[in-house]
Amino acid sequence: MSSLSDGRSKSCKGLQIENQPRDAGSGITTNTIDTSNCKLLFYGTTTSILELSVYEPEVPRLELPESLVQSIWAQQAFTNDQLVTHAGDTLNIINPGKLNRDAGPDFLGATLDINGIVWHGDIEIHRTSKDWFTHQHHVNPRYNSTILHVSLFQDAHTGTLRRADKSLLSELILSTYLRTTLRKLLYAHRTTPTAGIACQNLQADCKDLQLAPWLQALGQKRLYRKKARVAASFLKTPNLEILLYRLILAGLGYGKNIEPMLDIAKRVPVFTARSISNAADRAGVFLAVSGLLFSNYSAYPEFDEKLKKRYIQLAKQLEIVPMPAGAWRFFRLRPSNFPTRRLRQAASLFNTNALFHKDAIGVLDRLMCNNPVSSWRRLLQKLLQPSVTGTKAQPTTKIGSTRIGKLLLNAICPVMLVHADHVGKPALETQITGFMQYLKFERDEVTRHFDGLALTSRHAGISQGMHELHETLCIRGRCTTCKAGKHFIYKDLKHNF
């Protein structure tokens, strides 16, 4: 086909070709071919066509949601006994991890066996391998903890994925291991209800069951499970103050920053933190070790460069290696829960008259043995809320009462139960188990599932029982072993099983 340069139009096999001069001085013309189905545009000189482009209307695509792939992984809805990675390595899933609904990898805390080597880390989920690059994970240090990339389909990028530290990432393609068709999986994903628990709309019918004592017993069972975990750790680390310090810092991590706070507890041990006599220096060392002092995550206008360098130097003198700043999460956190503020609060627990100023276990033992249980909450709050100095730029508020309640239930009470066993004080153990009645009822996403229950009393012992019930029975569908569940199942039957 030759271009037309004389302004004429010519019919060629049913296509109407028209000349439209593009630049009178260049000798280049734009030629258009129109049909009812498509339009061809090409640019050419009087002797040859330089470029031909076909423009077609874009066909709308129905893309599978990434949440479907996450659901397949979470439910392990695939044949997982003979898995092989894209590189040909055998893969055994020991623990698929826990779904992360915030920034960072999709599943946290997974355990995998890859070619006989056990890996602990995170899992990232995508529809195709290309999304790893599309989402910029290859330059984000937060994804260096990823031990496996799972995608539904293979593409040209499969086998080339690398972390920000340039290490190659193992990949699993799910499409070849699915137990059923993708259509059925998508239908189930779209139609599965997201309601809370099975009896949520029936709880008003439980008025006469007297569930409060039963829930309180479940709450004590939960407390003793926490005690068992501390006792197991005590066998490896026979120092209850160190274990208490770790649990307190984990509690200040507020879910999203538990692991980094535990890392701080390892890098700045309780005896090291106690050796720093100046409160400002201690807080500065905590911030320097966190890696956040010079990062873009949070500014410190009250710290000039000289002061920042001083804190870095103090950390070096204590032979502490700073953490990477990317380990911390700020996404969807209230300012009161920012790690920068929680780190200052952790450092303040070594201030005068605070929990870790001296022997923490001895302080707690004397407080609990010499005072009535009804006064413990107020006295313990003083140990966890020391006076903290802040600035206008970085006000440092004390640990809130709700967070203190969590620290008492998840850290101090379990540790002191182990202590009571260790020193032979059964009376102290009885007091600790009864202490939950003096703590406030926890209002959270789990206890909201039981709003319909008519309870005569509400305190932390009841809310802990609800957590135990939800974790051990409700989400596992074990309604026939639940007091309320059996009531709903058997109430209209003429006989019981």
Side-chain angles (χ1 to χ4, degrees), residues 37-38 54-114 121-138 143 146-161 169-201 445 449 470 474-479:
N37 297 322
C38 66
V54 178
Y55 292 84
E56 296 182 347
E58 184 176 352
V59 179
R61 295 181 299 168
L62 179 61
E63 292 188 345
L64 296 171
E66 189 173 294
S67 58
L68 169 64
V69 194
Q70 293 176 349
S71 177
I72 293 172
W73 177 262
Q75 299 173 17
Q76 297 288 280
F78 51 90
T79 305
N80 56 7
D81 54 348
Q82 293 182 336
L83 295 176
V84 179
T85 69
H86 180 264
D89 297 326
T90 58
L91 172 63
N92 179 31
I93 302 170
I94 301 173
N95 178 8
K98 185 177 180 181
L99 180 62
N100 173 32
R101 300 188 183 279
D102 293 295
D106 293 310
F107 287 83
L108 307 178
T111 305
L112 307 175
D113 183 323
I114 303 178
D122 305 326
I123 308 292
E124 180 63 13
I125 307 287
H126 286 125
R127 286 166 294 196
T128 62
S129 300
K130 179 183 178 181
D131 290 337
W132 175 265
F133 298 103
T134 304
H135 299 167
Q136 298 291 302
H137 297 333
H138 63 295
Y143 290 82
T146 305
I147 57 176
L148 181 69
H149 181 268
V150 178
S151 59
L152 191 56
F153 301 113
Q154 180 177 334
D155 62 11
H157 297 273
T158 305
T160 67
L161 273 56
L169 181 60
S170 296
E171 296 183 69
L172 175 67
I173 307 300
L174 282 180
S175 57
T176 56
Y177 296 102
L178 298 180
R179 292 188 183 134
T180 185
T181 64
L182 202 55
R183 180 186 292 272
K184 290 182 179 179
L185 289 170
L186 181 59
Y187 177 80
H189 178 70
R190 295 293 194 189
T191 57
T192 299
T194 58
I197 56 178
C199 66
Q200 197 154 348
N201 298 324
E445 60 181 4
H449 291 317
H470 184 262
C474 297
I475 62 175
R476 300 183 183 184
R478 298 174 61 186
C479 299

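Sequence positions, counted from 1, serve as the residue numbers for this chain.
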Taking side-chain contact (heavy atoms from CB on, under 4.5 Å) as the definition, give me every residue that meets it alongside [X], ordered by chain and number, with sequence neighbours left out.
X: Lys98; value: none
X: Gln136; value: His138, Val139
X: Cys474; value: Ile197, Phe450, Leu469, His470

message = For a quick test of reading the model, state the closest non-hydrogen atom pair linking Ile114 to Ile147 and the distance between them.
response = CD1-O, 4.1 Å
request  = For residues Asn100 and Pro105, report the shortest heavy-atom separation together with the two atoms involved.
outcome  = ND2-O, 2.9 Å
note = Sorted by chain and number, sequence neighbours left out, side chain to side chain donor-acceptor pair (under 3.5 Å) with His135 holds for His126
Enter the distance from [X]:[atom1] to [Y]:[atom2] here, rounded to the nearest 0.5 Å.
X: Thr85; Y: Leu169; atom1: OG1; atom2: CG; result: 10.5 Å
X: Leu185; Y: Leu182; atom1: CG; atom2: CG; result: 6.0 Å
X: Ile173; Y: Phe153; atom1: CD1; atom2: CZ; result: 10.0 Å
X: Asp106; Y: Tyr143; atom1: CG; atom2: OH; result: 7.0 Å
X: Gln76; Y: Ser71; atom1: CD; atom2: OG; result: 11.0 Å
X: Thr180; Y: Ile72; atom1: OG1; atom2: CD1; result: 10.0 Å

ask   = Hey, mind stepping through Ile123 and Leu112 against side chain to side chain contact (heavy atoms under 4.5 Å, CB included) and telling me if it holds?
value = CA-CA 10 Å; Ile123 308 292; Leu112 307 175; 3.8 Å; yes
query = side chain to side chain contact (heavy atoms under 4.5 Å, CB included) between Gln82 and Tyr177: does it pass, once the steps are laid out?
reply = CA-CA 9 Å; Gln82 293 182 336; Tyr177 296 102; 5.7 Å; no
ask   = Tell me, which pairs form a ring pair (Phe, Tyr, Trp, His ring centres under 6.0 Å) where one or both residues lie in residues 74-100, sequence neighbours left out?
value = Trp73-Phe78
request  = Could you please spell out the steps behind the side chain to side chain contact (heavy atoms under 4.5 Å, CB included) verdict for Ser151 and Asp131?
outcome  = CA-CA 9 Å; Ser151 59; Asp131 290 337; over 6 Å; no
task = Would you check if Asn80 and Arg179 make a side-chain contact, meaning some heavy-atom pair closer than 4.5 Å?
result = yes
inquiry  = Tell me if the aromatic rings of His149 and Trp132 count as close, with their centers under 6.0 Å from one another.
reply    = yes
Show me the side-chain donor-acceptor pairs of residues 90-97 shorter than 3.5 Å, one per line, residues at least two apart or across chains.
unit_1 : atom_1 : unit_2 : atom_2 : d
Thr90  : OG1    : Asn115 : OD1    : 3.2
Asn95  : OD1    : Gly97  : N      : 3.1
Asn95  : ND2    : Gly109 : O      : 3.3

request  = Examine distances only and state if a side-chain atom of Ser170 and a backbone atom of Leu148 form a donor-acceptor pair shorter than 3.5 Å.
outcome  = no
query = side chain to side chain contact (heavy atoms under 4.5 Å, CB included) with Ile125: which of Leu68, Leu174, Val69?
reply = Val69
ask   = Does the pair Thr128 and His157 meet the rule for a side chain to side chain contact (heavy atoms under 4.5 Å, CB included), with working shown?
value = CA-CA 8 Å; Thr128 62; His157 297 273; over 6 Å; no
